[in-house]
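Keep in mind that what you see is a predicted model, and the values were worked out from it rather than measured. Lettering of chains follows the sequences in order, A, B, ..., and the numbering in each one begins at 1.
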Amino acid sequence: MRGLATRALVFGALGLVALPVLFLLYQSASLLTGEAVAVLWASSTWWATLRTVVYGLVVGVLCLGLALPLAWVTHCTDLPGRRFFQVVLNLPLAVPSYVSAYVVVAALGHGGWVHFLLEPLGVESMPDVRGGVGATLALLWSYPFALLVVQAALARLDPRLWEAAQSLGASPWQAFRRVVLPTLTPALGAGFLLVALYAISDFGAVSLLRFKTLSFVIYQRHDSILETYQDEAVFLSLLLVVIAGLFVAGLELMRGRVTASLSSQAAHRPWPVVPLGRWRAPATAFCVAVALVGVGLPIAVVAWWLGRGLYLGHDVGIPWRATSISAALAVVAAVVALGAAVAPALLGRFGRESDAAAVRVAALMGYALPGIAVGLALVSMVTANAYALYQTVTLLVAAYVIRFLPLALHTLSESLLAQNRRVYDAARSLGLGPTRAVTRVVLPMSRPALWAGLLAVLIAVIKELPVTLLLAPIQVGLPGMQPVQFETLATKIWSLTVDEFLSQVAPVVLILLALATAGLLLRPDTTKLRR
Amino acid sequence: MNGLRWTPFALLALTLALTACDGPKEKPTTPTATPNADAGAAPDNAVAEKPAAQPLTVYCGRNEELVAPVLAAFTKETGIQVTTKYGNTQQLATQLLKEGDRSTADVFIAQDASTLGYLDGKGVFAPVAAETLAKVDASFYAASKNWLGATGRARVLVYDSSKLKPEDLPADVDGLTDPKWKGKVGWAPENASFKSFVAAMIQQRGPEATQQWLEKMLANEPRAYPKNTPAVRAVHKGEIEVALVNHYYLFRVSDEMGGTKAANHYFRNGKAESMVNLTGAGVLKTSKNGPTAQKLVAFLVGETAQKHFAEVVHEFPVLASVKAEGLPEHSSLNAPKLDVAMLDNLEETEKLLRAAKVLE
């Protein structure tokens, strides 16, 4: 675990993640004397920065507000249908922001479904749902990022703590606030961070709803054919990376103040132990409502498009090509990203505390790299220095790996937390060498964690838009096969919705949702302790 | 058993497999392919010796749903395979500039004239064959003869016909700055078609007057949409009363919704708001298949393609013999006399839009 080779692997993988940032730095250094650097002082940049920060904070807090009660009632209480809700409430993760943005407009916009219900009551016009409000609502679909983390943390929590607090006379609320909540703080922080960083780097919702965050402005700059404006995109991307970095750093500092986790390493009895009592009905209603909006609403909106299209006799086909290209790319990228993440994740869990901290920060830093920044950096990098890689599947997969290695690392690390740290030491003390201890004991025990990491990247790649748009090859094919035009489910959804080909886009969205949902359903329950 | 030991080999194998996926990047060049400078002028002897036409790579800045049928018809008629990279016109133009001499693209199909004019200014196009240019009126191609318009798109005011009659509508865009339109106008300021319209206005009125108009418009709180189609859909739903867009989006929305109460109003006042923008195409100077690429460009202004654009996409054909159903006569639009290639004052336009705080 502490060998030089392991370290080399770890730093190689993390170096790869840092590559786009390094190139952005290099690029901006060479542009410092140009006029583009002035964009950093422009008032519009500061407004965009402010919007970005507030957006991240608000979306993070709101999603945490959804995730914490959902995790508590589905994990620790006698909620009816707990197992069902534990799975279903994670499914909104399958909905990309460039789809949820449409769902928000269809539901809340003028002439939308809510308006339809309110019209008989005399509501003539609906407030404009575009801008910050709509973009925030569209990103609420990302709450499962936080939910997954909090669920995992609750699973590690020994219910006897709760029972002890109660037996000492604490009310349920006191026991939750003074015993459970402090142990959850690191998980809440991580969940908040995941959601906030996702919001900061979001591209789909802010573009479609015209909320002028940094991502939006960067894309506008990139869209321009004027060189000065493209150069400005470099500085703005760097600014975005810095903001995301500050979020990570802020949270890492807060984490340092938390007292050591109270979760027990010893065998404990299973949850649930908390009777809901008269809260049973409202809690159930809350879960049902979130599931209906999170899963039911997107499907209903898309089914509505499909139904209208079929009724009007539109030509609606199944996008076989996009589906197979998306699936193949996702599998390859997920396997490579996971392969690269295994060594750092193991080091993080079984290595020294300092290694663990470095790996954790690196994993989170990677999240701070918005897709649009990764895509822009790689395009400039290869057109300038490695043209043979330009518009190749290899580069696209490399970009996915760079972008989602941190996700693989993060998911692996979270899942490995369920493993006893001492397993590795025990294997060593029983006479296994370091490599064999890993391959014969640690890895087999980590199989659920590996699956979870693989599927997390798989879903992320299928949903990823900006990287795919920026780095798309012209055509793809296998040796001995006629190459076909490149497209993925994500790029197809994007190009079809630009001109509102809604009936044609419906089957594409449904397939994307089905693939991502399958990934989520296959995901093993890594919260179960194995020892 | 020993999984980890095989990881590097597995990664290596994957990398090799990926590289294989990409295939050879360079297309083999035919020995007889003529250099591009005279690609348009001297295809005859080249064609005689050439065994089979090389496949073409097209960068297309227009929607796949609208253009793919035309390219398929081209392949069917000529047997020439076409691989297309679809994307946003401006982004593809940027890519072409970045790729420079190394580009594998043969033809660029663009959504608006200003981008074509800008690229032409950077010298990326080879001349369009003279017999192709001869098919259309001189107002439909660049003065440099390096690119050619394929269809026309008129600027219109889309209005809600359930609330407004044509006579309620203003005579020009200055009328939209009247307080009675406050909060009722939609536009799509990031869109290339809007920028072209502003560029035309700058040509006609000069930058100061254009900026004043933009600022007055902003004071009237227009609703901004990410694209033209959502703006038309907002009129359809009654969210706004009028929208400044191109004419063909109305047909798109009407098709999608199964009819609409939104309707097109052509200003017909000879000002920028009556302009007819061009979509068009050019052959890349770096193309190694110049003569074949010229065939595709010629096909775009041929009968088959023009009929598709006129009847399915509802754009104004550039071929005089093709008539667009449901559209007014092109000559009745009273479009301003603008040299389309002069619309390449993009830089000034973007700066002005930012100065007026219409764009970030």
Inset, instruction - Answer yes if the side chains of A/Ser224 and B/Gln90 hold a donor-acceptor pair under 3.5 Å, and no otherwise. - result: no
Legend entry - Spacing of CD belonging to B/Glu65 relative to CG belonging to A/Asp315, to within rounding of 0.5 Å: 9.0 Å
Legend entry - Interchain contact, A/Phe216 with chain B, by part (heavy-atom threshold 4.5 Å): side chain
Legend entry - A/Tyr229-B/Glu350 side chain donor-acceptor pair, cut-off 3.5 Å: no
Inset, instruction - Mind checking the CD1-OG1 spacing from A/Ile474 to B/Thr57? Nearest 0.5 Å is all I need. - result: 5.5 Å
Legend entry - Most contacts with chain A, counted as non-hydrogen pairs under 4.5 angstrom, among B/Ala224, B/Ala234, B/Gly87: B/Ala224
Legend entry - Heavy-atom side-chain proximity of B/Tyr225 to A/Arg130 below 4.5 angstrom: yes
Inset, instruction - Check whether any side-chain N or O of B/Lys85 sits under 3.5 Å from a backbone N or O of A/Ala472 as a donor-acceptor pair, and report yes or no. - result: yes
Inset, instruction - Below 4.5 Å from any heavy atom of chain B, which atoms of A/Glu124 appear? Answer side chain, backbone, both or neither. - result: neither
Legend entry - Under 3.5 Å side-chain donor-acceptor pair for A/Tyr219 and B/Glu190: no
Inset, instruction - Specify the closest pair of heavy atoms between A/Thr383 and B/Lys98, including all atoms of both residues, with the distance to one decimal. - result: OG1-CD, 4.1 Å
Inset, instruction - Begin from the C-alpha positions of A/Ser503 and B/Glu256 and carry the test side chain to side chain donor-acceptor pair (under 3.5 Å) through to its verdict. - result: CA-CA 7 Å; A/Ser503 26; B/Glu256 194 61 45; 2.8 Å; yes
Inset, instruction - May I ask you to check whether over 12 heavy atoms, not counting those of B/Lys163, lie within 6.0 Å of atom NZ? - result: yes
Legend entry - Leading residue by heavy atom contact count with chain A [cutoff under 4.5 Å; candidates B/Gln95, B/His236, B/Lys357, B/Lys195]: B/Gln95
Legend entry - Partners passing ring pair (Phe, Tyr, Trp, His ring centres under 6.0 Å) against A/His110 (at least two apart in sequence or in another chain): A/His115
Inset, instruction - Please look at B/Tyr249 and chain A and tell me whether the side chain, the backbone, both or neither of the residue comes under 4.5 angstrom of a heavy atom of that chain. - result: side chain
Inset, instruction - Identify the heavy atoms of A/His314 and B/Asp255 that sit nearest to each other, and give their distance. - result: NE2-O, 2.9 Å
Legend entry - More than 12 heavy atoms from other groups under 6.0 Å of CG on A/Asn385: yes
Inset, instruction - Verify salt bridge (charged side-chain N to carboxylate O under 4.0 Å, His left out) between B/Lys237 and A/Glu119, making sure each step is shown before the conclusion. - result: CA-CA 13 Å; B/Lys237 287 184 166 181; A/Glu119 221 162 9; over 6 Å; no
Inset, instruction - Check whether B/Glu64 gets within reach of chain A through its side chain, its backbone, both or neither, counting any heavy atom under 4.5 Å. - result: side chain
Legend entry - Pairwise side-chain contact, A/Leu502 with B/Arg233, heavy-atom cut-off 4.5 Å (strictly under): yes
Inset, instruction - Please round to the nearest 0.5 Å and tell me the distance separating atom CD of A/Gln230 and atom CD of B/Gln91. - result: 10.0 Å
Inset, instruction - Apply side chain to side chain contact (heavy atoms under 4.5 Å, CB included) to B/Asn88 and A/Trp494, showing your working. - result: CA-CA 11 Å; B/Asn88 160 310; A/Trp494 185 250; over 6 Å; no
Legend entry - Contact check, side chains of A/Tyr387 and B/Glu99, non-hydrogen atoms, under 4.5 Å: yes
Legend entry - Which atoms of A/Val498 approach chain B - backbone, side chain, both or neither, heavy atom under 4.5 Å: both
Legend entry - Electrostatic pair B/Arg252-A/Glu500, nearest N-O below 4.0 angstrom: no
Legend entry - Student check: side-chain heavy atoms of B/Tyr86 and A/Thr491 closer than 4.5 Å: no
Legend entry - Contact check, side chains of A/Ser207 and B/Lys227, non-hydrogen atoms, under 4.5 Å: no
Inset, instruction - Kindly indicate whether the side chain of B/Tyr248, heavy atoms from C-beta on, has any atom under 4.5 Å from the side chain of A/Asp499. - result: yes
Inset, instruction - Name the option with the most non-hydrogen atom pairs under 4.5 Å to chain B; the candidates are A/Glu227, A/Met126, A/His222. - result: A/His222
Inset, instruction - Taking atom types as modelled, find out whether B/Thr83 and A/Gln485 have a side-chain donor-acceptor pair closer than 3.5 angstrom. - result: no
Legend entry - Portion of A/Val379 that has a non-hydrogen atom of chain B nearer than 4.5 angstrom: side chain
Report, one line per pair, each donor and acceptor closer than 3.5 Å where one atom sits in a side chain of residues 304-313 of chain A; sequence neighbours left out.
none

Inset, instruction - Report yes if the side chains of A/Gln220 and B/Leu359 come closer than 4.5 Å at any heavy-atom pair, otherwise no. - result: no
Inset, instruction - To the nearest 0.5 Å, tell me how far B/Thr84 OG1 sits from A/Glu487 CD. - result: 11.0 Å
Legend entry - Heavy-atom side-chain proximity of B/Glu347 to A/Thr228 below 4.5 angstrom: yes
